[in-house]
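Values reported hereafter were calculated over all heavy atoms of this structure, with side chains retained and with hydrogens, waters and symmetry mates removed. Each chain gets a letter, A, B and so on, in the order its sequence line appears, and its residues count up from 1.
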Number of protein chains: 2
Amino acid sequence: MQMDAVDQRIIALLVADARASYAEIGAKVSLSAPAVKRRVDRLRSTGVIKGFTAVIEPSAVGWTTEAFVELFCTGRTTPAQITVATRRHPEVIGAYTVSGQADALVHLRAADIGHLEQALERLRAEPFVTSTRSMVVLSRLVEAPTAIPLSS
Amino acid sequence: MQMDAVDQRIIALLVADARASYAEIGAKVSLSAPAVKRRVDRLRSTGVIKGFTAVIEPSAVGWTTEAFVELFCTGRTTPAQITVATRRHPEVIGAYTVSGQADALVHLRAADIGHLEQALERLRAEPFVTSTRSMVVLSRLVEAPTAIPLSS
DNA sequence: GGTGAAAAATTGACACC
DNA sequence: GGTGTCAATTTTTCACC
């Protein structure tokens, strides 16, 4: 899809604050509120903006434990299989196929270590998983929303 | 902070759609719009809701390459040092200290492989980094916003 | 792309429990 | 502490140019 510098700035402003009003955004990009809305509607319908979400402090909702788990899979495992399998587990908040020794990297979030262990066991029970390697998150140092290159 | 089931449901609804109106949310949790707003204001001021953001398709804004990099650091490296160092690099969209062989895991997003390589070189140049192990993301299978346990 | 008007949402004041 | 109702203001969302 075609996007100009104004679209990029609107996106950056919405990433910074998804509840900013169109008038507020318009003031910063020198556009009227309706013009901003039309652009945002277009960005949404073309899939550039996938949605709007609240950023939550995980510990506040009872998720205190995170881990990254490398999956080593059997030879014939497809990304689709991994997708289906990982989506089944509510603890999975991210999953990626990767280059390197592992086949996939899975990001888990659980209530506590016990819950994490349980989720990990379930994941390891998937038929295509041959082995795993876990990294439990000790502290989140950086966690930024999708950064947008600012075209100044 | 103290949170009841209604707060949890409001949070879940805002994670699903940060631009939902208070009246719309109120209809789903059986509360008036002002009551919802008061709760949201409280959740924001207490840091449970850290903010609202737009979810962007990374490829649409020119970020086509992602990687996870394990950092192996010198013995006396502190999390604070890693935080400061990783925040300097705009390509870092996540950083965590982890248990296991590596000391930290860094999530990078770059325009292309060349850009990623460049960012990786800069990261490896940090004085406390002894070695790295990279996993380039081949495909994003799952990428969910902070999942909230639904108290049904 | 802007303007203007109607509809809807936000926000604060107030009473109530 | 919490809620709902009401009114003023602001925002959204249409027309139409």
Side-chain angles (χ1 to χ4, degrees), chain A residues 1-64 145-146 148-152, chain B residues 1-57 59-62 145-152:
Chain A
M1 160 203 195
Q2 186 168 293
M3 267 173 50
D4 64 12
V6 176
D7 286 327
Q8 297 259 332
R9 291 176 62 199
I10 290 173
I11 290 169
L13 290 167
L14 283 173
V15 168
D17 179 12
R19 285 188 81 104
S21 73
Y22 294 131
E24 210 173 324
I25 295 168
K28 290 178 182 165
V29 301
S30 307
L31 238 50
S32 67
V36 173
K37 182 192 187 296
R38 283 192 287 259
R39 281 172 180 260
V40 173
D41 285 346
R42 184 171 45 80
L43 290 168
R44 292 199 68 170
S45 69
T46 55
V48 172
I49 295 176
K50 297 201 281 186
F52 301 100
T53 189
V55 182
I56 304 303
E57 170 53 42
S59 62
V61 291
W63 298 87
T64 64
T146 317
I148 306 301
L150 292 177
S151 31
S152 58
Chain B
M1 134 183 229
Q2 187 168 292
M3 267 174 50
D4 63 12
V6 176
D7 286 326
Q8 298 257 331
R9 291 175 63 199
I10 291 173
I11 290 169
L13 290 167
L14 284 174
V15 168
D17 179 12
R19 286 187 80 103
S21 73
Y22 295 129
E24 211 172 324
I25 295 168
K28 290 177 182 164
V29 301
S30 306
L31 237 49
S32 67
V36 173
K37 183 194 187 294
R38 285 190 288 258
R39 281 171 180 261
V40 173
D41 285 346
R42 183 171 46 80
L43 290 167
R44 293 199 68 172
S45 68
T46 54
V48 173
I49 296 175
K50 297 202 280 186
F52 301 100
T53 190
V55 182
I56 305 302
E57 170 55 41
S59 63
V61 290
T146 317
I148 304 300
L150 292 177
S151 31
S152 58

Exercise for the section: Find the distance B:M1:CE to D:dG1:C1' and express it as a whole number of Å. Expected result: 13 Å
Exercise for the section: Please determine if a side-chain N or O atom of A:K37 lies less than 4.0 Å away from the OP1 or OP2 oxygen of D:dT12. Expected result: no
Problem - Straight-line distance of A:I25 CD1 to A:L31 CG, nearest 0.5 Å - result: 10.5 Å
Completion exercise
Per side chain to side chain donor-acceptor pair (under 3.5 Å), A:D41 is matched among A:R39, A:R38, A:K37 by A:K37
Handout entry: Closest heavy-atom pair and its distance - A:R9, A:K28
Key = NH2-O, 2.5 Å
Exercise for the section: Answer with base, sugar-phosphate or nothing: what part of the nucleic acid does B:S32 contact at a heavy-atom distance below 4.0 Å? Expected result: base
Practice task
Find the distance B:L43:CG to D:dG2:C1' and express it as a whole number of Å.
Solution key: 14 Å
Exercise for the section: For side chain to side chain contact (heavy atoms under 4.5 Å, CB included), just list the numbers for A:I56 and B:I49, CA-CA rounded to whole Å, side-chain angles, deciding distance to a tenth of an Å, and then say yes or no. Expected result: CA-CA 5 Å; A:I56 304 303; B:I49 296 175; 3.8 Å; yes
Practice task
Compare every heavy atom of A:A54 with every heavy atom of B:A18, then report the nearest pair and how far apart it is.
Solution key: CB-N, 3.8 Å
Practice task
State which of D:dT11, D:dC14, D:dT5 makes the closest approach to the side chain of A:P34.
Solution key: D:dC14
Exercise for the section: Using a 4.5 Å cut-off on heavy atoms from C-beta on, say whether the side chain of B:V48 contacts that of B:R42. Expected result: no
Exercise for the section: Nearest whole angstrom, please: distance from the C1' of D:dT13 to the CG of A:D41. Expected result: 9 Å
Problem - Atom-pair distance (CG on A:L31; C1' on C:dG2), nearest Å - result: 9 Å
Exercise for the section: Starting from the 5' end of DNA chain D, give me the residue, A:Y22 or A:R38, whose nearest nucleotide shows up first. Expected result: A:Y22
Problem - Nucleotide C:dA9, atom C1' - distance to CG of B:L14 in whole Å - result: 15 Å
Fill in the blank from the handout: CG of A:L43 to CG of A:L14, rounded to nearest 0.5 Å, is 8.5 Å
Completion exercise
Secondary structure of DNA chain C per the Watson-Crick/G-U criterion (both distances under 3.5 Å; [ ] crossing, | other strand, . unpaired) is |||||||||||||||||
Exercise for the section: Assign each of A:R39 and A:R19 to its nearest nucleotide of DNA chain C by heavy atoms, then name whichever residue's nucleotide is nearer the 5' end. Expected result: A:R39
Exercise for the section: Starting from C1' on C:dA8, measure out to CD on B:E24 and report it in whole angstrom. Expected result: 11 Å
